[in-house]
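Remarks on the structure that follows.
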Amino acid sequence: MNKQSSAKRAEKLRELINDYRYHYHVLDESTMSEAAADSLKHELAELEAEHPELVTPDSPTQTIPGEVAKGFKKVQHATRMLSLNDVFERSDIEAWVKRIEKLMGGKELEFFSDIKLDGLACSLVYEDGILVRGATRGDSFVGEDVTSNIKTIGSVPLKLKAPEEFLKGRTEVRGEIVIFKEAFNKLNKDLEKRGEKVYANPRNLAAGTIRQLDPKLVASRPLTFFAYDLIHDGFDTSHDKVYKNLKSLGLRTSGLEQVFKDVDDLEKYIEVWNQKREELKFNTDGFVIKVNDREAYRDLGVVGKAPRGAVAFKYPAEQGTTKIKDIFVSIGRTGAATPVAILEPVNLAGSTVSMATLHNASEIERKDVRVGDTVIVEKAGDIIPAVIRSLVELRTGVEKKFAFPAKCPECGTKLIKFKEDEAVWRCPNNSCPARVSRRIQHFASRAAMDIDGLGEKNVEALLDSELIKDPADLYSLTFKQVLSLERFAEISAQKLIDSIARKKQPTLPKFIFALGIRQVGAQTAIDLAEKFKSLENLSLASLEDLLEVEGIGEVVAESIFTWFRELENIELLDKFKELGVQPEEVNQVSGGKLEGLSFVITGSITGMSREEAADRIRELGGTFQSSVGKGTTYLVAGGSVGESKLKKAEKFGTRIIDENELLELLS
Ligand code: IVH
């Protein structure tokens, strides 16, 4: 074949295969057998190998997985990927409608509704109609570039179906990546057979898959992309037009989208699908409701992270019944002894539940929950499943009351109550193996030091082999030592060593939080770092000094004061120092334009996280506080301000400013 006819043939093959892909993955129809399509793909691949100049970015051969990636590039979204405010009751929908109709000057609005797919949000960017980038939502501003993985999804068009002049420039499609329930069950069974980790639910599987570095593995898992938004000049007069356009561009939508003039009809529709949600191929947790008119939707603006013109109606938490096989007591980082029920596995809200919390000893007694009981369990979103109550009517007499242990099941120390009126029993032994393990897991967790690869199993393996005894020991681990453990291979061992080494100079607030001092959460850690500037200052702080920090009361102050005076903690801090782990000191910038001014932010600021705002304030010499106090200069109101905050601001003469005024001060 000469060059010209090869080019023609390649173009025709490309169109034919992409058309097959569209019919198969978007319309659920088949234009030819899979074998025939494969054969055409093979021919195209051969042609392209012979004439590499014929390869185009929209060629279906480009979806064939390539090399394993080293990591994902961060990419900035053109506009923020917002989330939605949740509502749970019909009356909440009605109140929201009333509120926004009032904001729109009493205008009666039309609504657009679509099922809420329980997957992960994703953005597809097309240049002149050709897919150039696929990215995860990330923190809403910056996501991860997962283009090679996204290209393996059949329902993601490589080229949009519209005349070129119509698609000039940039078009962005946003939507949700899901895996169908059936495919999820099959995949999980295969994973189990191979002795690999199974996923808790389809959402975790879809999200876990998209962030895999090996596109071959991604291609082997049947993911589906459902579109729900289109960002392109001139497309968008209403949301239902957006969906029509999405479909004509070759994208798949849920098919359950609909326009409603009457809120009553909308609510009925949502309820119908609540009853029938089992029948859907994918998991859902509710419905998305938007003002249909895009101009009105835009005019209504954004509050915090969510548009005012839309809400997510969440279906109620799922309940189910099952039997309690046993009850055991789990010991947490601070020694809290939590009773946990082992259940006969039951499917709730799309995941298999085999354990549920019973909270504490008095809860078990109050609810009279017994081993062998048939119980109602509930799971709502990401919350730990809980036992709601026992169905006493179903007792046969063999059920057994649970005797709460007097001693810690892990180390045998007598359990005590720190305060008499407390419901929680605790293991007071600081070296209790369960507590040590949890402490190290907390130290490494994302909100603390954020060290990858230190989940429960790996921490336990390190402890069991006595390679570590406390969090500081992590920093003396060697590659060889880690490699000697069965759970690690060369790459994973090196990765762990590298990720620990990367966290030798943490920020002060993260380090304080990571220490796991009782009563010191992430925000208190920020406040402490702000006030004391260095770990050394904090360790020397008197009770009075600590009480000066806004929001810190006697209990917290005492807990911090005592922690820094306990021998094993002093030794731990010394060890960190010896190993070169040095949190950054907070440098007060002098001479900055905000010197002497202090800020409290309530709600959120558009285009900036609170941490970013705090950093910027500090850079300019100002102080960032977590609550309004005597010296607070400004209270920045991102959204509405609660009554008590207003009163405080009035009392202390604090000026209330909005986010625009803040941005001006920061510019
Ligand atoms: S519209 C401003 N439609 O739910 C965001 N979102 O809780 C407007 N989601 O971030 C999104 N199904 O990832 C929309 N049919 C649907 C959806 C949907 C699932 C997700 C989406 C969004 C999250 C908000």
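Atoms within a ligand are numbered from 1 in the order they appear, just like the ligands themselves. Sequence positions, counted from 1, serve as the residue numbers for this chain. Note that this is a predicted model, so its numbers are computed, not measured.
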Task: Which residue and heavy atom of the protein sit nearest atom 4 (O) of ligand 1, plus the separation - done: Lys116 CE, 3.3 Å
- [ ] May I ask you to identify the nearest protein heavy atom to atom 8 (C) of ligand 1, giving residue, atom name and distance to one decimal place in Å?
- [x] Leu84 CD2, 4.0 Å
Open item on the list: Let me confirm one number: the CZ-NZ distance from Phe287 to Lys314, rounded to the nearest 0.5 Å.
Closed with: 14.0 Å
Open item on the list: Using a 4.0 Å heavy-atom cut-off, which part of Lys290 comes near ligand 1: side chain, backbone, both, or neither?
Closed with: side chain
Task: Contact atoms of ligand 1, heavy-atom distance to Pro307 under 4.0 Å - done: 2 (C)
- [ ] Distance to 0.1 Å, residue and atom name: give those for the protein heavy atom nearest to atom 10 (O) of ligand 1.
- [x] Arg137 NH1, 2.8 Å
Open item on the list: I want to know if ligand 1 touches Glu176 in the polar sense, i.e. an N/O pair below 3.5 angstrom.
Closed with: yes
TODO: Report the nearest protein non-hydrogen atom to atom 22 (C) of ligand 1: residue, atom name, distance rounded to 0.1 Å.
DONE: Tyr228 OH, 3.9 Å
TODO: Can you measure from CZ (Arg221) to CD1 (Ile153) and round to the nearest 0.5 angstrom?
DONE: 12.5 Å
TODO: Have a look at Ile115, Val288, Leu117 and point out the one with the heavy atom closest to atom 15 (N) of ligand 1.
DONE: Ile115
Open item on the list: Polar contacts were defined as any N/O atom of the residue lying under 3.5 Å from an N/O atom of the ligand; does this apply to Ser83 and ligand 1?
Closed with: no
- [ ] Answer yes when Lys305 and Asp139 have at least one side-chain N-carboxylate O distance shorter than 4.0 Å, and no when they do not.
- [x] no
TODO: Report yes or no: do Arg252 and Ser155 form a side-chain donor-acceptor pair below 3.5 Å?
DONE: no
- [ ] Determine, for Lys116 against Asp86, whether the closest basic-nitrogen to carboxylate-oxygen distance falls under 4.0 angstrom.
- [x] no
Open item on the list: Applying a heavy-atom cut-off of 4.0 Å, say which part of Ala306 lies close to ligand 1: side chain, backbone, both or neither.
Closed with: neither
- [ ] To the nearest 0.5 Å, tell me how far Asp58 CG sits from Thr63 OG1.
- [x] 11.5 Å
Task: Lys/Arg-Asp/Glu bridge criterion (N-O < 4.0 Å) met for Lys281, Asp28 - done: yes
Open item on the list: Under 6.0 Å between ring centres: does that hold for His442 and Phe513?
Closed with: yes
Task: atom 5 (C) of ligand 1 [closest protein heavy-atom partner, distance rounded to 0.1 Å] - done: Leu82 O, 3.6 Å
Open item on the list: If the threshold is 4.0 Å, N to carboxylate O, is there a salt bridge linking Glu144 and Lys73?
Closed with: no
TODO: Identify, by atom number and element, the atoms of ligand 1 in contact range of Asp114, meaning under 4.0 Å from any of its heavy atoms.
DONE: 15 (N)
- [ ] Decide whether an N or O pair under 3.5 Å exists between Tyr297 and ligand 1.
- [x] no
